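Step one of this worksheet: look at the structure below.
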Number of protein chains: 2
Amino acid sequence: MSDTVRPREEVSIADVAERAGVSVATVSRVLNGHTNVREATRERVLEAVASSGYRINELARNLRTAESRLLLTMVPDFGNPFYAAIVRGIDSVARQNGYFMLLCDTGADPLRERSYFDLLRGRRADGAICLDPAAVQKALAEESSALPWVACCEFDPAAGVPYVGIDNHLAAGDVVRYLTAKGHRRIALINSGHGYLYGRQRLAGYRDALKDAGIEPNPAWLIELDSLDYDAGERAAAQLAALGDARPTAAFAVSDTLAIGVMNGFRGAGFSVPDDVAVVGFDDIAVAAHVDPPLTTVSQPMQLLGETAAELLLKRLRDPRAEVPGVLLPHRLIERRSA
Amino acid sequence: MSDTVRPREEVSIADVAERAGVSVATVSRVLNGHTNVREATRERVLEAVASSGYRINELARNLRTAESRLLLTMVPDFGNPFYAAIVRGIDSVARQNGYFMLLCDTGADPLRERSYFDLLRGRRADGAICLDPAAVQKALAEESSALPWVACCEFDPAAGVPYVGIDNHLAAGDVVRYLTAKGHRRIALINSGHGYLYGRQRLAGYRDALKDAGIEPNPAWLIELDSLDYDAGERAAAQLAALGDARPTAAFAVSDTLAIGVMNGFRGAGFSVPDDVAVVGFDDIAVAAHVDPPLTTVSQPMQLLGETAAELLLKRLRDPRAEVPGVLLPHRLIERRSA
DNA sequence: CTGAAAGCGCTAACAG
DNA sequence: CTGTTAGCGCTTTCAG
């Protein structure tokens, strides 16, 4: 038998055409759902496709149509669960619009990020969404602002690259105001993320809100970390706990992982949360509700952040010269028992 | 000025050739680092490349060379931190060998997984590594065992698809033996993952080890969940805690997330871990060492699992008819304070 | 409604 | 060392 579903070798559109006794143009037409093909012919072609086990070579199609229908999402750290819901939001919008979304783990490394952008430059992907630290994006924005990409969560408002994120300054202020309303005056900030926009913005929000409350912040309450690890948070708490009379009664950590570490650290130093010290986190990752005590934190609309980023990108793809705006989405303070 | 680094329009290899006053073949040669080009010519070409802002169109190159240098990794759940280190292992090997690795979040959905496999079929990726549940892989293995892919963690030994994983049966037995050695006789298993091979294997390992220890397992000690959520673990613990005299003194959960939930659940029911009930998890995810009490768990060599998977795939890519073996890697019981 | 022919942008013989 | 010439497998005018 010469007919088999198993493609013995590479069967091309020409083979299918020959089998069906038509031209390659006609095969292409039925493959692409064009209507100007007689029904009988269409069936003959479909039959030939099936019996030959033909698979379209998308590489060739992409070369011809000059698009890949691939979108890239760059995340600085695949292990950080914070990104999961955002990615899901991006993926669902991409998929609904006939695009594949593929993830790139850049490790927040400018060189690796750059190499993934080369996929864009080389036409292997149509567009990208970048979640990398603003500092890492910066160089990119200068040399590649013409490329079809948008920034998500982290961005440089001045870079001319479309973005979506939240108002970190306001969110940090909300946390401080929540804490002062509960009577706290000695509030520590455990900050992190060199090169991250959110770090700078939350610090500013913290400072401004303290000032508005007439509180002079003690420099010892501000801890700048270079990690989001549980360990780092633990060490920060130990440091704070050793402050004696100047010890803060509340601590605001810029991520939930850090906040969980902070709680452990205080507990290790013999303090109880929230009685001796209140702890607030940021992000509302899944585990936040399941630690003891459950963590009070700020939640970002992660799914929506992702969906919006994807929509901005698609808009830019549809019309490269469209004015795509920067958009800020609302956050929400989730009150649980740690503060 | 007509010379500018900014590519006004799409500049192709022909444009560069014209600029440099050579043929496209010569441009291609210097682009691909062939040595048979006179130094002066090479420089002229490089100069033309730079001044024109030329970027090779990889789509065209890929079509011509019939490879994309793209590898896909399919994960069932991007939000599960368990996969992070594995993915990093895959990525590092891929990168060292000149491949890009891109991630696909399949949501353990056979249809979505299938659509990603279409990228392979359509030549848009050269190979894939699949971390999806064995049950989801099954259909794939039947229709696509000829495609260049390997299974990681989850696999069907009989499918003829190369795989790498651990000996889950042995690992579960190790946990039970560890617990019986500490005097436990009433040991619960909180299992999960319909369609996951690891679930079936760990259950078998648990049963066999109990039998070897002369323990008749109480059916009430076996809880089958359909989730790995903290919540699910919490509910399982509540159920176990309500068992009265038949209440187990130890619980083995097949994932750390579940185990953390279990600890919370027992605590919520007024029991202390490990004094009233010992808890063991599986995976050794980052947070496992940072809960209270720190979780005793089984660690898998995640980075190595990923690296090995990538190497198997590369071997298969280099020689499509090579016999690629299935490999099992060693696990390790990490003793902390929860059991 | 269908076919012939011209490329998409690149690489790889094959000549010289 | 360099240029000419064929395509890779597909889509898309342009004719008929």
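We name chains A, B, ... by the order of the sequence lines, and we start the count at 1 in each one. This structure is a prediction, so every number in the text was calculated from the model and none was measured.
Considering only side-chain N and O atoms, A:T26 lies nowhere under 4.0 angstrom from the phosphate OP1 or OP2 of C:dC1. Remark: A:S23 is in phosphate contact with C:dG3, judged by side-chain N or O atoms under 4.0 Å from OP1 or OP2. Contact annotation: A:N32 side-chain N/O to D:dT11 OP1/OP2 distance is under 4.0 Å. Within the structure, every side-chain polar atom (N or O) of B:N57 is placed at least 4.0 Å from both OP1 and OP2 of C:dC8. Residue A:R38 places none of its side-chain N or O atoms closer than 4.0 Å to OP1 or OP2 of C:dC1.
Distance OH (B:Y54) to P (C:dG9): 10 Å, rounded to an integer number of Å. Taking atom CD1 on A:I13 and atom C1' on C:dG3, their separation rounds to 13 Å, with Å as the unit. Look at CG on A:D15: it is 9 Å from P on D:dG9, rounded to the nearest Å. As rounded to whole Å, 13 Å separates atom C1' of C:dC10 from atom CZ of A:R123. In this entry the distance linking CZ of A:R69 with C1' of D:dC10 reads 17 Å, nearest Å. Going from atom CG of B:N62 over to atom C1' of C:dG9 covers 11 Å, rounded to whole Å. Rounded to an integer number of Å, the gap from A:N36 CG to D:dT11 P is 14 Å. Taking atom CG on A:L31 and atom P on D:dT11, their separation rounds to 6 Å, with Å as the unit.
Backbone-only contact: A:I56 has heavy atoms under 4.0 Å from sugar-phosphate atoms and none from a base. Residue B:A66 is out of contact with every strand shown, counting any heavy-atom pair closer than 4.0 Å.
A:Y116 and B:F100 have tilted rings, their planes meeting at an angle from 30° to 60° on a 0 to 90° scale. By the 30° and 60° cut-offs, the orientation of the rings of B:W149 relative to B:F117 is perpendicular.
Distances were taken from every side-chain heavy atom of B:R29 (C-beta onward) to each of C:dC1, D:dT2, D:dC10; the shortest belongs to D:dT2. Proximity note for B:S28 (side chain, C-beta onward) versus D:dT11, C:dT11, C:dC1: the nearest is C:dT11. Among the nucleotides D:dC10, C:dC10, D:dC1, the one closest to the side chain of B:R64 is C:dC10. Out of C:dA13, C:dG9, D:dT12, the shortest distance to the side chain of A:H34 is found at D:dT12.
Remark: of the listed residues B:D91, B:D126, B:L70, B:D126 is the sole one forming a side chain to side chain contact (heavy atoms under 4.5 Å, CB included) with B:Y99.
Each of A:L63 and B:R42 lies near DNA chain D, and the nucleotide nearest B:R42 is the one positioned closer to the 5' end. Of the two residues near DNA chain D, B:T65 and B:A25, the one whose nearest nucleotide lies more 5' is B:A25.
For the 3.5 Å distance criterion, the side chains of A:N32 and A:R61 qualify, holding a donor opposite an acceptor.
Aromatic pair A:Y83/A:F78: centroids not less than 6.0 angstrom apart.
For B:R55 against C:dG9, a side-chain-to-base donor-acceptor contact under 3.5 Å is absent.
Atom CD of residue A:E58 and atom CG of residue A:L63 lie 13.0 Å apart, to the nearest 0.5 angstrom.
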